[in-house]
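All residue numbers refer to positions in the sequence shown, counting from 1.
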Amino acid sequence: MEGDERMSVEDRLYTVRYRVDDKSHLQVRNPDVCAACPTKACEWFCPADVYTWEPTDQRLLIAYENCLECGTCRIACVEHNIEWVYPTGGYGIAYKFG
């Protein structure tokens with residue numbers, strides 16, 4: 001970008017290339033823990049909005065295809081209820097600008 005133009009987070013996310021596996025590398029260990037969580041912090045700590053609480057079904061939806069593999073969810077869930085592993089070899093994220 002030239003001059004003082006700055007890319008928004010959303011614009012930067014469009015520069016990321018994903019090779020999506022058909023198996024999620026993110027899992028909820030115990031859905032009951034998510035249902036009892038008073039803050040649902042997972043909805044706001046992920047920079048890629050991977051986690052969405054579905055109040056009707058009382059479950060956490062995980063859009064693992066958008067994961068930036070930053071590892072925030074491994075430490076930000078106070079109950080440590082999200083299991084995160086690297087995607088299967090050859091799958092996952094590839095950054096265009098480093």
*Asks:* Going by side chain to side chain donor-acceptor pair (under 3.5 Å), name the pairs with one or both residues in residues 72-88, residues two or more places apart or in two chains.
*Replies:*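 Every pair satisfying side chain to side chain donor-acceptor pair (under 3.5 Å) with a residue in residues 72-88: D21-T88.
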*Asks:* What pair of heavy atoms forms the shortest contact from L60 to Y51, and how long is it?
*Replies:*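 For L60 versus Y51, the nearest heavy atoms are CD2-CD2, 3.8 Å.
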*Asks:* What's the shortest heavy-atom distance between L26 and C73, and which atoms?
*Replies:*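 Here L26 and C73 meet closest at CD2-SG, 4.2 Å.
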*Asks:* Could you grab the distance from atom CD of Q27 to atom CG of N30, nearest 0.5 Å is fine?
*Replies:*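 Answer for the CD-CG pair, Q27 versus N30, is 13.0 Å.
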*Asks:* Which atoms form the tightest heavy-atom contact between R19 and G90, and what is the distance?
*Replies:*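 Smallest heavy-atom distance, with atoms named: NH1-O, 3.0 Å.
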*Asks:* For the atom pair CG (D49) and CZ (F45), what is the distance rounded to the nearest 0.5 Å?
*Replies:*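 Atom-to-atom, D49:CG and F45:CZ are 11.5 Å apart.
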*Asks:* Looking only at heavy atoms, which two atoms of L68 and P47 are closest? And how far apart?
*Replies:*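 Result for this residue pair: CD1-CG, 4.1 Å.
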*Asks:* Drop me the distance from D32's CG to C37's SG, to the nearest 0.5 angstrom.
*Replies:*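 Interatomic distance, D32 CG to C37 SG, rounded to 0.5 Å: 13.0 Å.
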*Asks:* For A35 and K40, work out which heavy atoms get closest and say how close.
*Replies:*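 Smallest interatomic distance, heavy atoms only, reads O-NZ, 3.4 Å.
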*Asks:* If you apply the rule side-chain contact (heavy atoms from CB on, under 4.5 Å), what do you find for V20 with Y64, and how did you get there?
*Replies:* CA-CA 9 Å; V20 180; Y64 72 93; 4.0 Å; yes
*Asks:* Measure the CD-CH2 distance between Q58 and W53 for me, rounded to the nearest 0.5 Å.
*Replies:*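 Separation between the atoms: 5.0 Å.
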*Asks:* Between V33, V28, I82, which is the residue that forms a side chain to side chain contact (heavy atoms under 4.5 Å, CB included) with C77?
*Replies:*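 That would be I82.
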*Asks:* Find out whether C67 and H25 are in side-chain contact, i.e. whether some heavy atom of one side chain is under 4.5 Å from a heavy atom of the other.
*Replies:*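 Yes, at least one pair of side-chain atoms sits under 4.5 Å.
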*Asks:* Go through the structure and list residues passing side chain to side chain contact (heavy atoms under 4.5 Å, CB included) with T56, not counting sequence neighbours.
*Replies:*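 With neighbours one apart ignored, the set is E54.
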*Asks:* Taking all atoms of both residues into account, what is the closest heavy-atom pair of E69 and P87, and its distance?
*Replies:*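 The pair with the smallest heavy-atom distance is OE2-CG, 3.4 Å.
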